[in-house]
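Everything below concerns the one structure shown next.
Keep in mind that this is a model prediction, so the values were computed, not measured.
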Amino acid sequence: MSKLQAIRGMNDLLPDQSPVWQYVENTFKRLLSRYGYLEVRAPVLEQTALFRRSIGEATDVVEKEMYTFDDRNGESVTLRPEFTAGIVRAVIEHGLAHNQTQRLWTTGPVFRYERPQKGRYRQFHQLSVEIFNLEGPDIDAELILLSARLLRELGLSDQVTLELNSLGTKEARAAYRATLVEYLNAHREVLDEDSLRRLTTNPLRVLDSKNPEMAAMLAGAPRMLDHLDAESEAHFERLKASLDETGVRYVINPRLVRGLDYYSRTVFEWTTTALGSQGTVCGGGRYDGMVEELGGKPTPAIGFGLGIERLVLLLETLELVPASVHEHLDVYLTALGERAQQRALPLAERLRDALPSLRLQLHCGGGSFKSQIKKADRSGARIALLLGEEECERGTVGIKFLREEREQENIPQAALVERLALELGA
RNA sequence: GUGGAUGUAGCUCAGUGGUAGAGCCCCGGAUUGUGGCUCCGGUGGUCGUGGGUUCGAUCCCCAUCAUCCACCCCA
């Protein structure tokens, strides 16, 4: 009988970590609001067919990484391996993109059955941003600028690089695909097993291979960027110009094809070298064909997914988490003796009524005065309020500054609200 | 799915074929109502799990599970 423990690759978020997550989540929520994006939430579980059709049968995600099982009614369901498909489904189902544009975001857990390692988990969390019914390069630029600002606000600008590519339209890609297959077929003897399989299923992915024995051959392969249709080319040029004008640096990576089949035209990734082999922090692109593919009207769309675990890992590795995120208390109220313990609870409530932003913890469980003050210190609070027999007698309360060289004072309880407001700048 | 490393106290780790130790944390005391530094004491362990070898296994062997890292892939 094995011990009860978390499922492999699925982690608990404990109190020492949650402040960092809140910091990250608050940062991006504030930012998205500033750009006028709205939140949507879709279920964790969807029909399996949704992901098979949108992500693509030949992708790694669909082939071997999905948490798929039969619901009680026999229908095949899948825990979302990414957000886009579910959001698209919701947008179609509720007609959100019917003659209107949408700028949306969502966040939560996603699931992929992979071997866990640093920065890679079976349950992980993403921020996903999705935009519908805007086809021009202006929105591509806005989306990338938004991601750039988010990384900048977290202090990561110097730690990440923006990689950019264009995959052209579906038609241009089909033509290029034929050219590429012809080239790859001519070099069959160099292809490894995986690439041979992809030659028929998804030849563009062959370009992504890191097999050094294929590097020379791939370097000579025809490039998608040289086979773009005129419109995609103009789109890409305009996007690059916008990024240049706004001072966002990028590198063109003609090999960037991304692992999900639905992308067209613009694709991009923010990568880092600080996280070992899991270098992608954020990735996205245009998926103009997906809405139609899933039964909606033709609707241009673009979006990105950002990995929160990797972002947090990066911030911690680089020591970029502001110390203030861990300060969760202003005041620790001690209570020594039976009478003080009885009075402390209503006092704490009165303070919380009067000072809504006050973060106050009441000491519970008794113990010596010494141990209570020790706990006040360990709690991280700036101020300890001391309530004992003497204070109860006189209607006062002791106010002790735990982080500064200041005399301890004893003030009337009636003056406490005003005093705390002053001290804490509330 | 493949390869390598590692599983001993809440945490970080020593250790030995004869049923276990340190530091940190936590609790108490030195200081009958005052934290941080110091000193003293204390709580806490099926030595991942199952099997095998042995008089005897935490140690040796096998299996299994988990964690970490890498391949692969991506967030």
Does the side chain of I373(A) reach to within under 4.5 Å of the side chain of Y332(A), using non-hydrogen atoms? no
Identify whether NZ of Lys or CZ of Arg in R122(A) sits under 6.0 Å from the centre of the six-membered ring of Y113(A) and within 45° of that ring's axis. yes
Side chain to side chain contact (heavy atoms under 4.5 Å, CB included) for E163(A) and T271(A)? Distances and angles first, verdict last. CA-CA 8 Å; E163(A) 298 185 28; T271(A) 59; 3.1 Å; yes
Under the 3.5 Å Watson-Crick or G-U criterion, the dot-bracket string of RNA chain B, with | for inter-strand pairs: (((((((..((((....[..)))).(((((.......))))).....(((((..]....))))))))))))....
Using only atom types and a distance under 3.5 Å, with no angle test, would you say the side chain of R120(A) pairs donor to acceptor with the backbone of R115(A)? yes
Sorted by number, the residues of residues 117-129 of chain A with heavy-atom contact under 4.0 Å to RNA chain B: Q117(A), K118(A), G119(A), R120(A), Y121(A), F124(A), Q126(A)
Is there a donor-acceptor pair closer than 3.5 Å between any side-chain N or O of T246(A) and the backbone N or O of S242(A)? yes
Using a 4.0 Å heavy-atom cut-off, does T334(A) contact any base of the nucleic acid, only the sugar-phosphate backbone, or nothing at all? nothing
Can you list the residues that meet the salt bridge (charged side-chain N to carboxylate O under 4.0 Å, His left out) rule with R343(A), with sequence neighbours excluded? none
Expressed in whole Å, how much space separates the P atoms belonging to C71(B) and C55(B)? 48 Å
Given C74(B), is OP1 or OP2 found less than 4.0 Å from the side-chain N or O atoms of R310(A)? no
Nearest whole Å is fine: how far is U67(B) P from Q5(A) CD? 7 Å
Under 4.5 Å between any side-chain heavy atoms of E130(A) and T84(A), yes or no? yes
Nearest-Å distance for atom pair CG/P, residues D192(A) and U2(B): 19 Å
Say whether, by atom type as modelled, one donor and one acceptor occur between the side chain of T334(A) and the main chain of L385(A) under 3.5 angstrom. yes
Any donor-acceptor N/O pair, Q126(A) side chain to G305(A) backbone, under 3.5 Å: no
Tell me, which of residues 30-69 of chain A have any heavy atom that sits under 4.0 Å from an atom in RNA chain B? D60(A), E65(A)
Assign G9(A) to base, sugar-phosphate, or nothing according to its heavy-atom contacts below 4.0 angstrom with the strands shown. sugar-phosphate
Determine the interatomic distance between P on C11(B) and the same-named atom on A70(B); round to the nearest Å. 23 Å
Sequence neighbours excluded, which residues qualify as salt bridge (charged side-chain N to carboxylate O under 4.0 Å, His left out) partners of D60(A)? K64(A), R198(A)
With sequence neighbours left out, which residue pairs that include part of residues 307-320 of chain A fulfil the side chain to side chain donor-acceptor pair (under 3.5 Å) condition? Q17(A)-E316(A), H125(A)-E309(A), Q278(A)-R310(A)
List the steps, then state whether side chain to side chain contact (heavy atoms under 4.5 Å, CB included) holds for Q123(A) with N11(A). CA-CA 7 Å; Q123(A) 176 182 129; N11(A) 302 117; over 6 Å; no
Below 30° counts as parallel, above 60° as perpendicular, anything between as tilted: where do the rings of H227(A) and Y176(A) land? tilted
Starting at atom CD of E269(A), determine the distance to atom P of C73(B), rounded to an integer number of angstrom. 12 Å
So if I take residues 270-277 of chain A and measure heavy-atom distances to RNA chain B, which residues fall below 4.0 Å? G276(A), S277(A)
Gap in Å between the two C1' atoms, one belonging to A9(B) and one to A14(B), rounded: 13 Å
Write out all pairs satisfying side chain to side chain donor-acceptor pair (under 3.5 Å) with one or both partners inside residues 21-30 of chain A, taking only residues at least two apart or from two chains. none
Check the phosphate of C73(B) against R198(A), side-chain N and O only, distance under 4.0 Å to OP1 or OP2. Yes or no? yes
Suppose we screen for side-chain hydrogen bond (donor to acceptor under 3.5 Å, both in side chains). Which residues come up paired with N165(A), at least two apart in sequence or across chains? none
CZ of F111(A) versus C1' of A75(B): gap in Å, rounded? 14 Å
Contact class for G398(A) vs. all strands (heavy atom < 4.0 Å): base, sugar-phosphate, or nothing? nothing
P spacing across the pair U19(B) / C26(B), given as an integer number of angstrom: 33 Å
Encode nucleotides 3-11 of chain B as B, S and - characters from 5' to 3', where the letter depends on protein heavy atoms closer than 4.0 Å: B to the base, S only to sugar-phosphate, - to neither. B--------
Under 4.0 Å protein heavy-atom contact, by nucleotide of nucleotides 33-44 of chain B - B base, S sugar-phosphate only: BBBB--------
Q102(A) atom CD: more than 12 heavy-atom contacts under 6.0 Å: yes
Just the rounded figure in Å: distance from P of C72(B) to CE of M214(A). 12 Å
Contact class for E309(A) vs. all strands (heavy atom < 4.0 Å): base, sugar-phosphate, or nothing? nothing
Report the residue (Y113(A) or G284(A)) whose heavy-atom-nearest nucleotide on RNA chain B is the more 5′ of the two. Y113(A)
What interatomic distance, in whole Å, is found between P of U31(B) and the corresponding atom of G36(B)? 15 Å
Going by side-chain hydrogen bond (donor to acceptor under 3.5 Å, both in side chains), name the residues that satisfy it together with T68(A), two or more places apart in sequence or in a different chain. T78(A)
When the C1' atoms of A57(B) and U46(B) are compared, how many Å lie between them, rounded to an integer? 14 Å
Please state how far atom CE in M10(A) lies from atom P in C65(B), giving the value in whole angstrom units. 17 Å
Take the angle between the ring planes of Y183(A) and H187(A) and call it parallel below 30°, perpendicular above 60°, tilted in between. tilted
Please report the distance separating the P of U32(B) from the corresponding atom of C25(B), rounded so that it comes out in whole Å. 24 Å
If we only count heavy atoms from C-beta on, is the M217(A) to L184(A) side-chain gap below 4.5 Å? yes
Contact nearer the 5' end of RNA chain B, comparing I308(A) with N11(A): N11(A)
Is the shortest side-chain heavy-atom distance between L311(A) and L156(A) below 4.5 Å? yes
Roughly how many Å apart are G1(B) and U16(B), using the P atom of each and rounding to a whole number? 36 Å
